[in-house]
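First up is the structure itself, then whatever we jot down about it.
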Protein chains: 2
Amino acid sequence: MADRRARVGIVDVAARAGVSVGTASKALNGRGQLREETRARVRSAAYELGFIPSAVAASLLTGRTYTVGLIMTDHHGRFSLPILHGAEDALGWDEALAFVCDTRDDPIREQHYVRSLMRRRVDGIIVAGRRTEPRPPLSGAPRVPVVYAFARSADPADCSVVVDEEAGAVLAVEHLVRTGRRHIAHVTGPHGHASARARVDGTARALRMAGLELLGDPWYGGWSEVWGRFAAAALVRAHPEVDAVFCGSDAIGRGVADGLRECGRRVPDDVALVGVDNWQPTAEGCRPPLTSVDLNLQQVGRTAGTLLLEAIQHGGVATGIHTVPCRLVVRASSAPLSG
Amino acid sequence: MADRRARVGIVDVAARAGVSVGTASKALNGRGQLREETRARVRSAAYELGFIPSAVAASLLTGRTYTVGLIMTDHHGRFSLPILHGAEDALGWDEALAFVCDTRDDPIREQHYVRSLMRRRVDGIIVAGRRTEPRPPLSGAPRVPVVYAFARSADPADCSVVVDEEAGAVLAVEHLVRTGRRHIAHVTGPHGHASARARVDGTARALRMAGLELLGDPWYGGWSEVWGRFAAAALVRAHPEVDAVFCGSDAIGRGVADGLRECGRRVPDDVALVGVDNWQPTAEGCRPPLTSVDLNLQQVGRTAGTLLLEAIQHGGVATGIHTVPCRLVVRASSAPLSG
DNA sequence: CTGAAAGCGCTAACAG
DNA sequence: CTGTTAGCGCTTTCAG
């Protein structure tokens, strides 16, 4: 172990071990047929010199860089960071490293980043979306595999990994039904969002399967707490018999919880609540802590990483729309009706 | 504009333009003395072939990769993402790209990542901390410049960019005093956290300068809403005259707001509130929206990026502890006392 | 079992 | 003004 003056290259290692560079290379990479004694000698020479092989040089030769680009569009990282973690898992922290590029939702920036990534010869690109609406495919049709995560590409020929949001809603509603709720309402985000519509559909499906009906119409609004509070008040007025609310997001859920409390309804005794996102700060800050549908974003990232890796290895192109299921995380807001 | 079969290299461009590779290189990089007509011919050949120069090959030659490593330790990215953005700004999205490595607070992972980054020959490394306690320097003493952001290195010889948290507290308290508050309490996180202690010190200093005293002792606890709610109730009981609370975090601030409301105190009419972090979801979800001390993390990242760049260009090592000031973001929770 | 030599894609002298 | 040549640091045939 040492840190010498300049950069130590494989030639230095070879010299110190008294072998040729070719031999040194083989010894270090476990390739070829070498006497074990030679291997050991090279290895210790490398160690003593603090030799760190250059991935740059290796890439030039092999054509693979063992790097991928991760394009994110949500600067707060609520969606893209879990995706990054999953991708890191799949890529293996020993293998590939990820260039993370935050486009800040600007197509120009995105285009620049793609060019930058191509110049760096990344082996592939993961595009992490911020909403679930299909997004335009990367412009410039990069010559490497691309996998879209969370927000699928508008081009069905592309490879996308998405969350089954409708099934997530089903999970939530089935849970409410199973715990004894019968008068279930749904407060969610803007009608213009695919996520909101998918959850409405899932809710309807689950209720139908249980032989129930939604209490009134879905309450479309925003994704915010303010909307949740407002909706809760209106909801109680319109349907006093409500005994559960499936909320389109944790923020809404929190707002609804506060709103209900202020109307004199107890959660979960009078009304059970389930949210979506399972976002720690919100779900656990809620009073009481909020049962929530986890979007499994890390799994989305892991799947995306795995698909990308396969595409890279098979020299092919990734294709198809892959779906990841949601997961229900039960907390106090949906305790069974003890009645 | 085209996408041909394999990879098009500069030899292909040169061939198509009817010049040698050397000339093509010069034309494309604006180096050397060339007839404008030749330059143009090469450029259009490159364009028609969809030529994307290989940064890998260039790096091998020049020794610089125009990439940096960004090591983050907080998987939720609340601290490291703003730092990343700032760093991106400083590095220039056209210039350098960042490998983002999430160590998940595991020293082993960190060590592996550092090795990975060194093998990729990054030009420098930024280490984004998660807490403000000094952290052990990167092991293995990388041969490239390293800048620590947010959490400074325990080795004072290293280069660190930190937030002046004490000054941030002064900002908050001065604001409260200026808006007419006189009975100011302080609810904050664990005594074991340097951040909590720095804010306590800043609070004391600002009050002293205003000729005031803290109302009772600082309330050390956790960073959570739960703690804020609890503390608010206890505080009102212990010091009914309280007319302002400086909270060590936005989460605490939110808890205090709820707690106070439930004790029958109005915010800001009876009690003004200021938090720290200026974390959108919490600060704006608060009722009323919470005035907060912004830690200027993006600026921390920008400074770190700039210092790193300088160190890289001057081939030297970055040094010194650099401090970034906080910024107060005023919202409804601290409206002036209209009394 | 080990060494020598070619070359990955590009740039930078130096010739012409 | 343009072409030729020699590598950057490494892996990999192919001889020895």
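All values derive from a computational prediction rather than experimental measurement. Every chain is numbered from 1 and lettered A, B, ... according to where its sequence line falls, protein lines coming before strand lines. Reckoned from all heavy atoms, side chains included, excluding hydrogens, waters and symmetry mates.
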What is the distance, rounded to the nearest whole Å, between atom [atom1] of [X] and atom [atom2] of [N]?
X: A/Gln33; N: C/dC1; atom1: CD; atom2: P; result: 7 Å
X: B/Leu34; N: C/dA12; atom1: CG; atom2: C1'; result: 13 Å
X: A/Arg39; N: C/dT2; atom1: CZ; atom2: C1'; result: 12 Å
X: B/Leu49; N: C/dG9; atom1: CG; atom2: P; result: 14 Å
X: A/Glu37; N: C/dT2; atom1: CD; atom2: C1'; result: 13 Å
X: B/Arg41; N: D/dC1; atom1: CZ; atom2: P; result: 14 Å

> Considering only D/dC1, C/dG9, C/dG3, which nucleotide approaches the side chain of A/Leu60 most closely?
Replying inline: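 Nearest to the side chain of A/Leu60 among the choices is C/dG9.
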
> Got A/Cys101 and A/Leu117 here, is their nearest side-chain heavy-atom distance under 4.5 Å?
Replying inline: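 Counting from C-beta outward, A/Cys101 and A/Leu117 do come under 4.5 Å.
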
>> In the structure I gave you, are the side-chain heavy atoms of B/Val42 and B/Lys26 within less than 4.5 Å of one another anywhere?
In response: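 No, their side chains stay 4.5 Å or more apart.
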
> Base, sugar-phosphate, or nothing for A/Ser59, non-hydrogen atoms under 4.0 angstrom?
Replying inline: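 It contacts nothing in the nucleic acid.
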
> So what does B/Val56 hit on the nucleic acid, given a heavy-atom distance under 4.0 Å: a base, only sugar-phosphate, or nothing?
Replying inline: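 Result for B/Val56 = nothing.
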
Dump the pairs, protein N or O against N or O of nucleotides 10-13 of chain D, anything under 3.5 Å, distances to one decimal.
residue	atom	partner	partner atom	Å
D/dC10	OP1	A/Ser54	N	3.3
D/dC10	OP2	A/Ile10	N	2.6
D/dT11	OP1	A/Asn29	ND2	3.2
D/dT11	OP2	A/Ser25	OG	2.9
D/dT12	OP2	A/Arg31	NH1	3.1

> Strictly by modelled atom types, are A/Thr323 and A/Asp164 linked by a side-chain donor-acceptor pair under 3.5 Å?
Replying inline: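 The criterion, which ignores hydrogens and geometry beyond distance, is not satisfied for A/Asp164 and A/Thr323.
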
> Is NZ or CZ of A/Arg43 both nearer than 6.0 Å to the six-membered ring centre of A/Tyr47 and within 45° of the ring axis?
Replying inline: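 No, A/Arg43 and A/Tyr47 do not form such a contact.
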
> Do A/Arg135 and A/Asp105 meet the salt-bridge criterion of a basic N to acidic O distance under 4.0 Å?
Replying inline: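 No.
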
> Which heavy-atom pair separates A/Val162 from A/Arg152 by the least distance, and what is that distance?
Replying inline: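 Here A/Val162 and A/Arg152 meet closest at CG1-CB, 3.6 Å.
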
